[in-house]
Amino acid sequence: MSSSGQGEGLGVLDSQERERFEQLVLPHLDAAFNLARWLLRSRADAEDVAQEAMLRAYRFFNGFHGGDARAWLLQIVRNTCYTWLEKNRPLEMKTEFDEELHVQPGPTPESLAIASDNRERLTRALETLPARFREVLVLRELEGCSYKEIAAITAIPIGTVMSALSRARHRLQQALSQRAPQEASREL
Amino acid sequence: MSCEHSNTVLHGYLDGELDAARALEFERHLESCPECLAALEAQETLRSALQRAQLYETAPVALRRKIRASLPALRPVAFSFRWPLVRWVSLAAVALLVAFVGWRMIRNYGVENQYQAAEMVDAHLRSLQAGHLTDVASTDQHTVKPWFDGKLDFSPPVRDFANDGFPLQGGRLDVLHGRTIAALVYGRRKHVVNVFVWPTSERDAAPRSGSHLGYQWVDWRQGGMEFCAISDTSAADLDQLQRLISQ
């Protein structure tokens, strides 16, 4: 037991480091949970994955050399989510690449205003987007991340964050306008 | 066909990510491009709808506890089992001394006491459970302050700091060591800050801070009151609120 000095190096932090982890990383649990919830589209799965990601962050905390703790944690959360999705929902990952299939003109501001004024409808529209569009929207609109942070978290070059957001927003508008007629006819 | 700017620069502009020169250039472009103007308007509509819908989902309180409990234990002190008895005895003596001195200091420094910090964090956690956050929900300090009258034997200072990013959300009564104390609730982005206030006969003391279960706390005494602010927001945020309250 006492001779396993090397094995303890990874994963067990001394109390000072643990305190640092609790001050720097643990407060971002909400951000971790929120990103996981939107990537996995499930609160229950997000709880498991956020926990797993947090423990992973704890194990690798020695590798965190200061800087933006939230971005560092969210990067781990994102990777943990994709690993989880590949393992548990492989089909979902395959349908990620049909993004150019339905190119339609964007909706008018009026129809958009009506369609988006509904939490449930927005949630569903956001959930129909491919995960890599969903994640930039969640990071930007819900988490308030800068382009630099988004680039660090998602590993896309900073120069393409703007166009990724542009396409994601376009897709969200489409998803909202596609929903709208259905909803309207159901309500009649 | 849409203007090429509406798919690129417009988003950088919307997100405040353009430098001043490019932002100005785009604003000039907007004056002559009704298409971009309409697209910008649509994007702003979408953004405010996303904000209004409050899609941000915060972690359940139980998850925070679970994670904290499952963090691997501190480095084991297994090597010390080989210590001879005499060292154990001297260690115990030192520990006792430290505990005693610490206890004396703690009596002087309020929440520095980990137990008290733990109690405050528990009170904070309780407040986050459904329906417990505020007894009087109002963003108006002139509603919250009178509400405390007659419920407490002291009058906590109630001010709104919405302009500084800490909107007042309401107030609540809580209990600490069998005494009824005031809890002021502030918002900080998606986070909730509880500021507990109770009277003290001790002298003023500069703010002290720490963390417990991943929650930050700041404790200070001023003008016969002890304050303890607790939240899962950053330590810097709490320091800012502390300065606002003590101004």
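Letters A, B, ... are given to chains in the order of the sequence lines, protein chains preceding strands, and every chain is numbered from 1.
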Looking at B/Asp15 and A/Arg140, does any basic side-chain N land under 4.0 Å from a carboxylate oxygen?
-> yes
A/His170 NE2 to B/His11 NE2 distance, which is reported to the nearest 0.5 Å | 9.0 Å
More than 12 heavy atoms from other groups under 6.0 Å of CG on B/Asp19 = yes
Interface moiety of B/Leu14 toward chain A, non-hydrogen atoms closer than 4.5 Å | side chain
Those residues of residues 33-47 of chain A, ordered by number, that approach chain B below 4.5 Å (heavy atom to heavy atom) = A/Phe33, A/Asn34, A/Arg37, A/Trp38, A/Arg43, A/Glu47
d(B/Gln43 CD, A/Ser166 OG) to nearest 0.5 Å is 7.5 Å
Counting N and O atoms only, with roles assigned by atom type, does the side chain of B/Glu17 sit under 3.5 Å from a partner on the main chain of A/Tyr147, one being a donor and the other an acceptor?
-> yes
Yes or no on side chain to side chain contact (heavy atoms under 4.5 Å, CB included) for A/Asp30 and B/His191, after CA distance, side-chain angles and deciding distance?
-> CA-CA 9 Å; A/Asp30 281 339; B/His191 303 278; 4.1 Å; yes
Using a cut-off of under 4.5 Å for heavy-atom pairs, which of B/Leu55, B/Thr8, B/Leu10 has the most such pairs with chain A?
-> B/Leu55
Contact origin within B/Arg189 toward chain A - heavy atom pairs under 4.5 Å | neither
Evaluate the side chain to side chain contact (heavy atoms under 4.5 Å, CB included) criterion for residues B/Asp232 and A/Leu26: first the C-alpha distance (whole Å), next the side-chain angles of each, then the deciding distance (0.1 Å), finally the verdict.
-> CA-CA 8 Å; B/Asp232 60 350; A/Leu26 215 50; over 6 Å; no
So which part of A/Leu126 gets closer than 4.5 Å to some heavy atom of chain B, the side chain, the backbone, both or neither?
-> side chain
Please report the shortest heavy-atom distance between B/Ala53 and A/Leu122, naming the atom on each side.
-> CB-CD1, 3.6 Å
Among B/Ser48, B/Pro60, B/Ser234, the residue with the most heavy-atom pairs under 4.5 Å to chain A is B/Pro60
Of all heavy-atom pairs between A/Pro27 and B/Gln216, which one has the smallest distance, and what is that distance?
-> CG-NE2, 3.9 Å
Candidate pair A/Leu55 and B/Ser70, rule side chain to side chain contact (heavy atoms under 4.5 Å, CB included), full reasoning = CA-CA 8 Å; A/Leu55 295 185; B/Ser70 60; 3.7 Å; yes
How close do A/Glu141 and B/Gln51 get, heavy atom to heavy atom, and via which atoms?
-> O-NE2, 3.1 Å
Do A/Glu143 and B/Tyr56 have side-chain N/O donor and acceptor atoms under 3.5 Å apart?
-> yes
Which one of A/Gln23, A/Met54, A/Glu19 has the most heavy-atom pairs closer than 4.5 Å to chain B?
-> A/Gln23
Which pair of heavy atoms, one from B/Leu63 and one from A/Gln51, lies closest together, and at what distance?
-> CD1-CB, 4.1 Å
Short side-chain to backbone donor-acceptor contact, B/Arg64 and A/Leu29, under 3.5 Å = no
